[in-house]
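What you are looking at is a predicted structure, and each value in this text was computed from that prediction instead of being measured. Here, residue 1 is the first one in the sequence, and each next residue gets the next number.
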Amino acid sequence: MRTTAVLAAAMALAACALPAAAQVSININVPGVVQVAPPAPRYEAMPGPRAGFVWVPGHWQWNDRAYVWRAGHWVTARPDYSYAPGRWIQADGGWRWVEGDWRRAERAHPGGDHPGGHHCPPGQAKKGRC
């Protein structure tokens with residue numbers, strides 16, 4: 001009888017230890033997030049200026065297996081806009097590429113600043129006052 005009690009106690013202890021030993025590893029693949037940090041940017045000499053164009057610097061691109069270098073290139077300039085280059089940012093436990101975009105360039109106002117600083121009051125832009 002004593003052997004049965006010892007055996008039952010041993011089985012109970014083993015049953016309690018099994019769930020603790022089992023571990024589940026979940027790798028969630030978030031779209032657009034790369035788990036590997038991008039390499040340091042390469043030095044790329046910018047060619048001389050070209051009228052009507054903006055230089056977009058080269059950057060590392062992820063091709064689903066590894067990083068590949070995309071060389072810099074010229075894009076057509078947009079009047080009243082400046083280009084903000086793309087960049088890698090840390091997000092969601094990995095790295096995400098943020099595309100470059102065009103941002104409205106601030107214009108100098110011949111009559112000085114507007115009462116609200118660089119802000120154009122509602123309705124004034126249509127009247128040509130900003």
Side-chain angles (χ1 to χ4, degrees):
M1 184 66 126
R2 181 172 167 102
T3 333
T4 309
V6 172
L7 186 58
M11 289 176 62
L13 284 173
C16 291
L18 280 177
Q23 293 183 357
V24 177
S25 177
I26 299 173
N27 185 11
I28 299 173
N29 188 8
V30 180
V33 174
V34 180
Q35 299 302 315
V36 180
R42 287 183 179 176
Y43 171 74
E44 192 173 54
M46 185 178 115
R50 282 174 76 177
F53 290 88
V54 174
W55 177 254
V56 176
H59 64 274
W60 290 105
Q61 282 185 321
W62 181 253
N63 72 357
D64 293 327
R65 286 174 294 190
Y67 284 99
V68 292
W69 181 255
R70 178 168 187 221
H73 58 280
W74 292 102
V75 294
T76 306
R78 293 177 60 185
D80 299 327
Y81 285 84
S82 61
Y83 184 76
R87 65 201 177 284
W88 284 99
I89 60 168
Q90 280 189 294
D92 303 322
W95 293 86
R96 182 182 302 272
W97 174 252
V98 177
E99 286 293 335
D101 63 347
W102 293 93
R103 298 185 181 156
R104 194 83 147 127
E106 293 196 21
R107 295 187 295 176
H109 300 285
D113 287 342
H114 292 288
H118 294 289
H119 175 73
C120 186
Q124 299 303 308
K126 287 184 179 180
K127 297 176 184 174
R129 297 184 185 152
C130 293

Q: Apply side-chain contact (heavy atoms from CB on, under 4.5 Å) to the pair Trp95 and Val33, showing each step before the final yes or no.
A: CA-CA 5 Å; Trp95 293 86; Val33 174; 6.0 Å; no
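Glu99 pairs by the side chain to side chain donor-acceptor pair (under 3.5 Å) definition with Trp97, not counting sequence neighbours. Evaluation of the salt bridge (charged side-chain N to carboxylate O under 4.0 Å, His left out) rule for Arg103 yields Asp101 as partners, not counting sequence neighbours.
Judged by distance alone, the side chain of Glu44 and the main-chain N or O of Gly58 form a donor-acceptor pair under 3.5 Å. For Trp60 (side chain) and Ala40 (main-chain N/O), a donor-acceptor pair under 3.5 Å exists by modelled atom type.
For an aromatic pair to be called close, the ring centres must be under 6.0 Å apart, and Tyr67 with Trp88 satisfies this.
Put simply, Val36 and Trp69 are part of the same group of oily side chains (I, L, V, M, F, W, Y) that touch within less than 4.5 Å, one to the next. Hydrophobic clustering, with ILVMFWY side chains joined whenever heavy atoms are under 4.5 angstrom apart, keeps Phe53 apart from Tyr83.
Rounded to the nearest 0.5 angstrom, Arg104 CZ and Arg78 CZ are separated by 9.0 Å.
A pairwise comparison of heavy atoms in Ala77 and Val54 identifies CB-CG2, 3.8 Å as the closest pair.
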